[in-house]
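Below is one structure, written out as structure tokens; the observations come after it.
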Amino acid sequence: MLGPVLLAAARSDAIRRAVSAAPVTRPVVDRFVAGERLDQSLTAVRDLADRGLEVTLDHLGEDITDRSEAVRNRDAYLTLAEALAGEGLGERAEMSVKLSAFGQALPGGEDIAYGNVLPVVEAAAQAGTTVTLDMEDHTTVDSTLRILSELRGRFPQTGAVVQSYLFRTEEDCHALAGEGSRVRLVKGAYKEPAEVAHQDKREVDRAYVRCLKILMAGKGYPMIGSHDPRMVAITQELARTAGRKIDSYEFQMLYGIREAEQERLAAAGHRMRVYVPYGTDWYGYFMRRLAERPANLAFFLRSLISRR
């Protein structure tokens, strides 16, 4: 029952200030966020690469309120792409972007977001890597998929994300599972109304498996974003059934969560990509991680109690 409360708290300025000021918060945030600076994120990339893992980097920020913020976020990603090229990390690290950080929610936001994300995708290609468009709440899905379609006209490797808790996602999976398409499947981490999304965890899980079957049977490149051992096992079985080679799909997990499992899958020959966020705007991301799994919240509360 705490999940919806925490998701609502993710958008509260008052709670943001209280959590940010708590002395215990920073050490706990460090479990899920690689750092506030670019150099800290690159250190994390090198460490993960040394352990046989691949990375997708997210410069934290979303729901921006003016065009200057959108430009700053664009420039942060351009700097990231330049750094990846300079460090020779393009083959190990791609980039994930939230279009709300690029101006999607502003008046005329779809055009603004496309204008800001296009040079990032171009820079990623020049750096030998690519970009995946993170999916946000249900009101942004159609706009995000339209921008994806435009980008894929020139950069077909641009990735998409779909969320199994939305009723529409099975249909979206059918549309996206074509040749060369890169699709990350996640369960979803936003508070959605019952009119558009499953509310029961079991139904979300069942929808995840249905979507997974569509993607694994298709001609695209599925990216399985889950920490659930059942979903990992189901993915492996579906891959065998579909005759997929081990490099024709990948697993994705969050930085700081199930690290031993990440290394186990990589050691077994699977492509294992770690979602690494960095930047100063960590609050919304942090609260969604607490809402997703009771273990994350318990970790935070234990840290709070022990600090006191």
Side-chain angles (χ1 to χ4, degrees), residues 10 15-64 69-98 100-102 120 123-124 127 129-132 134 189 225 227 252-263 266 272-293 295-297 299-300 302-304 307:
I15 299 176
R16 176 194 296 264
R17 289 191 294 271
V19 171
S20 298
V24 71
T25 298
R26 185 72 255 170
V28 180
V29 170
D30 288 343
R31 171 176 173 172
F32 304 112
V33 177
E36 295 191 348
R37 304 189 313 271
L38 174 58
D39 64 306
Q40 293 171 316
S41 74
L42 294 177
T43 296
V45 172
R46 287 189 289 267
D47 175 63
L48 292 165
D50 287 344
R51 290 187 273 150
L53 302 165
E54 299 182 59
V55 172
T56 185
L57 285 158
D58 172 17
H59 180 264
L60 291 169
E62 56 191 281
D63 295 332
I64 61 95
E69 290 181 82
V71 171
R72 284 196 293 272
N73 286 324
R74 178 203 66 192
D75 291 348
Y77 274 99
L78 292 175
T79 301
L80 171 59
E82 182 180 6
L84 291 176
E87 295 280 340
L89 293 171
E91 291 186 359
R92 301 306 297 268
E94 64 169 46
M95 299 187 290
S96 289
V97 305
K98 290 180 174 60
S100 70
F102 285 66
V120 173
T129 187
T130 188
V131 171
T132 293
D134 282 345
H227 307 97
Q252 296 193 359
M253 295 184 187
L254 298 173
Y255 182 75
I257 298 179
R258 299 203 73 204
E259 294 173 318
E261 176 67 356
Q262 294 173 14
E263 295 190 11
M272 177 69 242
R273 191 176 303 276
V274 182
Y275 189 101
V276 177
Y278 74 99
T280 58
D281 193 11
W282 50 262
Y283 174 75
Y285 177 87
F286 175 64
M287 294 302 286
R288 283 195 296 277
R289 298 295 76 78
L290 295 185
E292 279 179 340
R293 298 179 68 237
N296 292 342
L297 179 59
F299 176 78
F300 179 67
R302 283 197 305 271
S303 299
L304 182 62
R307 178 62 178 259

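- Among all heavy-atom pairs drawn from L60 and G279, the shortest one is CD1-O, 4.3 Å.
- For the atom pair CD (Q40) and OG1 (T43), the distance works out to 7.5 Å, reported to the nearest 0.5 Å.
- Not counting sequence neighbours, the partners of A81 by the side chain to side chain contact (heavy atoms under 4.5 Å, CB included) test are M95, A123.
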**Request:** Report the C-alpha distance between L80 and L84 in whole Å, list the side-chain angles of each, state the deciding distance to 0.1 Å, and finish with yes or no for side-chain contact (heavy atoms from CB on, under 4.5 Å).
**Result:** CA-CA 6 Å; L80 171 59; L84 291 176; 4.0 Å; yes
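- Closest of all the heavy-atom pairs between S96 and Y77 is O-OH, 2.5 Å.
- Nearest heavy atom pair, residue A44 against residue V276, reads CB-CG1, 4.4 Å.
- A83 and L42 get closest at one heavy-atom pair: CB-CD1, 3.9 Å.
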**Request:** Take K98 and N73 through the side-chain contact (heavy atoms from CB on, under 4.5 Å) test and state the conclusion after the steps.
**Result:** CA-CA 10 Å; K98 290 180 174 60; N73 286 324; over 6 Å; no
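- Taking OG1 of T280 as the reference point, atom NE2 of H59 lies at 6.5 Å (rounded to 0.5 Å).
- Pairs of residues two or more places apart, or lying in two chains, that qualify as salt bridge (Lys or Arg N to Asp or Glu O under 4.0 Å) and include a residue from residues 82-91 are R46-E87.
- None of Q262, E259, E263 except one satisfies the side chain to side chain donor-acceptor pair (under 3.5 Å) rule with R51; the exception is E263.
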**Request:** Could you give me the CA-CA distance, side-chain angles and deciding distance for L254 and F32, then say whether side-chain contact (heavy atoms from CB on, under 4.5 Å) is met?
**Result:** CA-CA 8 Å; L254 298 173; F32 304 112; over 6 Å; no
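- Shortest non-hydrogen contact noted between Y278 and L57 is CD2-CD2, 4.3 Å.
- Looking only at distances, no side-chain donor or acceptor of R273 sits under 3.5 Å from a matching main-chain atom of E54.
- D39 is linked by a salt bridge (charged side-chain N to carboxylate O under 4.0 Å, His left out) to R37, counting only residues two or more places apart in sequence or in another chain.
- For the residue pair R92 and A49, the shortest heavy atom distance occurs at NH2-O, 3.6 Å.
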**Residue pair V97, D134: steps toward the side-chain contact (heavy atoms from CB on, under 4.5 Å) verdict** = CA-CA 6 Å; V97 305; D134 282 345; over 6 Å; no
